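The structure presented is a predicted model; accordingly, all values stated were derived computationally and were not measured. When a residue number appears, it is its place in the shown sequence, counting from 1. Note that ligands are numbered from 1 as they come in the structure, with each ligand's atoms numbered from 1 the same way.
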Amino acid sequence: MDKKIKILLAEDNINDVKLLEKEFKKGKLNYEILTVDNENDYIKALNEYNPDIILSDYSMPVFDGLSALKIRIEKSPLTPFIIVTGSINENTAVECLKAGADDYVIKEHINRINPSIKSALRTWDLNIEKEKAQKALVESEARLSNALNIAHLGPWEYDVLNDLFTFNDLFYAIFRTTVEKEGGYTMSSAEYVKRFLHPDDTEVVGVQTKKAIETNDPNYNHRLEHRIIYRDNREVGYITVNIYIIKDENGKTIRTYGVNQDITEQKRVEEELIIAKNKAEEMNRLKSSFLANMSHELRTPMVGILGFSEILSNDLENEELKHFASSIFKSGKRLLNTLNLILDLSRIEANKQDVLLMNTNIGSVTRNIVSEYSILARNKKLYLNFDVKEEDIYSIIDERVFRSIIGNLVDNAIKYTNEGGVIIVVEKVFEDNKDWAVIKIKDTGIGIPDDYLQTIFEEFRQVSEGWSRSFEGTGLGLTIAKRFTDLLNGIIKIDSKINCGSTFTVMLPLVKEMHSSEVEKEVIINSEEKIVSNKTLNFLLIDDDKDVYDLISNLFKNYNFSYADSEEKAIEILKKQKLSLILLDIHLGLGVSGIDILKKIREIPGCKKTPVIAVTAYAMINDKERFINAGCDDYISKPFDKKELYNLINKYI
Ligand code: ADP
């Protein structure tokens with residue numbers, strides 16, 4: 001059903017009211033009506049009744065139609081108004097319409113009232129819609145102008161035929177000027193160039209504008225960036241210009257138009273970012289070279305500390321001195337361990353941790369790592385058991401990285417266990433639709449409280465922190481284990497109960513079958529304490545570090561051992577005698593590189609195949625490949641222990 005029409009009727013004659021209502025009913029008008037016959041009631045009704053339409057008699061004893069019309073214009077200008085009168089001549093009708101009435105109906109033709117009401121209401125609806133649309137248009141224009149302003153956009157138009165630019169306030173705002181200062185919204189292209197363009201960019205702007213005008217492409221759109229001069233302080237700014245064209249029916253460009261955008265701030269930020277990026281790259285480069293140097297500088301003295309203390313702790317007779325020497329050795333080892341942890345972490349942080357991936361037998365490499373901790377466990381009277389469930393468990397790993405993960409976890413397991421011991425299990429597991437090589441390190445130690453389990457892999461986190469901490473350590477081991485496991489696409493998990501022990505589980509993607517093309521890396525467990533050979537052996541050490549010389553000459557005291565601290569001396573020795581193996585320092589001081597010496601060695605007849613082992617304190621992960629690619633047979637990093645060196649030598653003699 002239609003909405004009820006609210007009619008306000010200004011009429012004093014009750015018969016006329018009846019007449020009208022009869023007509024409404026005839027026309028089946030859905031309505032309600034309020035009748036008034038004086039000005040006060042009329043105004044009150046306009047305010048409170050809120051009519052949809054006003055009908056008014058032309059003349060009444062105390063009120064009249066024209067006054068009613070006037071009041072309607074003031075109070076409710078959009079409400080339709082129809083004069084209903086008995087006597088009206090042509091002039092009165094025109095007068096009413098001029099005054100703003102929408103229609104007039106003469107009582108003799110009262111049957112016109114219903115169509116007149118309907119038509120007036122339709123017009124009213126349209127007016128309302130129109131007003132709404134107009135309001136929306138004004139609002140959206142304001143919004144657009146606001147948006148252009150915020151985005152520093154300034155539209156313009158160029159009349160090609162008359163060489164005339166037309167601008168607006170937004171355009172001028174970009175150049176920090178006003179229409180008053182520029183003397184109007186239009187100017188010639190020469191004037192525009194003179195006032196606004198940076199002199200060095202006028203040519204490029206000219207060329208691009210010409211191109212736009214001469215193009216045959218009706219959809220031409222070109223974006224151009226150039227410098228401008230701000231009008232207020234003559235500083236240099238940057239804008240982008242989007243140029244579009246309008247052609248006439250003959251295809252001739254008659255108009256170009258476009259939008260300028262101020263991008264000075266954006267440019268400034270970009271420039272700052274470039275400077276910051278260059279600086280960050282430079283810092284990163286410095287950091288890497290600092291790391292490499294640190295590694296070299298800290299490892300070199302460790303050769304003497306660890307090497308000599310190890311010899312002394314074996315050879316000294318006096319028990320007290322022996323104990324001192326082994327304390328120096330243990331402290332040195334601990335220092336080296338911390339150094340390695342810090343270097344590993346810095347390399348991960350600097351994204352410098354390159355990996356050398358190889359298909360590796362996880363069981364045998366883990367067994368090898370674990371064997372290095374047997375003395376540590378024995379000293380604490382703990383068992384250290386190893387259980388490989390299957391022999392063919394392979395994964396693609398970087399052995400050094402893997403060693404660091406398992407080493408840290410086994411070291412912790414022993415450190416945080418006082419009774420019982422540690423068991424390491426290697427097995428295959430199918431989980432989350434994948435096959436995994438799994439290494440479990442289970443201890444019967446102190447366990448980790450629940451609230452620490454979430455954060456324990458974060459840097460420097462330790463259950464006992466601060467001055468009261470009861471265990472030694474940096475708080476980096478687990479962080480490194482986690483980051484390195486990520487690097488090998490693996491997962492590390494922890495399960496722990498306070499006072500019952502912890503289980504750390506490392507899961508690495510399992511390689512199902514070995515392909516013949518893949519290099520298999522089997523770890524040979526070799527723990528000889530001496531050089532094993534029945535040949536007469538001649539060794540040469542090329543190194544300028546006196547400590548290294550003292551240490552190695554002691555280790556080789558039962559063999560023929562020569563020493564050269566310079567290239568010349570080395571060549572001299574090599575020309576005179578045939579050597580079984582050469583130990584070559586890579587960094588000989590004063591800018592002499594072992595790699596250059598190696599090239600010369602290889603040129604000496606009889607030295608082409610002599611095994612050369614690089615001995616260096618550069619221990620970054622890709623250094624090994626660098627030395628081997630340069631022609632060395634193998635590599636050992638300083639500081640090394642006796643066993644490590646003997647094992648390596650045994651491989652080549
Ligand atoms: P830290 O050098 O302190 O051992 P880690 O990062 O290796 O550093 O370990 C962080 C902390 O996690 C340790 O300080 C210790 O509180 C706890 N934690 C690690 N492993 C174990 C474990 N097997 N048993 C009990 N607590 C452990």
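Residue contacts with ligand 1: Ser502 is included, with a non-hydrogen atom under 4.0 Å away.
Of the candidates Ile446, Thr503, Ile494, Leu478, Leu478 brings a heavy atom nearest to atom 5 (P) of ligand 1. Between atom 19 (C) of ligand 1 and the options Asn412, Leu476, Asp443, the minimum heavy-atom separation is to Asn412.
Listed here is the closest heavy atom pair of Trp436 and Glu431: NE1-O, 3.0 Å.
The stretch residues 547-585 participates, sequence neighbours left out, in these ring pair (Phe, Tyr, Trp, His ring centres under 6.0 Å) pairs: Phe539-Phe556, Phe539-Tyr559, Tyr549-Tyr563, Phe556-Phe561.
A search for salt bridge (Lys or Arg N to Asp or Glu O under 4.0 Å) contacts involving Lys322 returns nothing, not counting sequence neighbours.
With respect to Leu583, the side-chain contact (heavy atoms from CB on, under 4.5 Å) criterion is satisfied by exactly one of Asp543, Val612, Leu645: Leu645.
By the criterion of a heavy-atom distance under 4.0 Å, the side chain of Phe504, and not its backbone, is placed next to ligand 1.
Of all the atoms in ligand 1, the ones that sit under 4.0 Å from a non-hydrogen atom of Lys415 are 1 (P), 2 (O), 4 (O). If you number the atoms of ligand 1 from 1 as listed, the ones under 4.0 Å from a heavy atom of Ile456 come out as 11 (C), 12 (O), 17 (C).
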### Derivation of the salt bridge (Lys or Arg N to Asp or Glu O under 4.0 Å) call for Arg268 and Glu271
CA-CA 5 Å; Arg268 193 187 57 76; Glu271 272 163 24; over 6 Å; no
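Below 3.5 Å of separation, one finds no N or O of Thr479 facing any N or O of ligand 1.
Side chain of Thr444 to main chain of Gly421: a donor-acceptor pair is present (N/O by atom type, distance under 3.5 Å, no hydrogens or angles).
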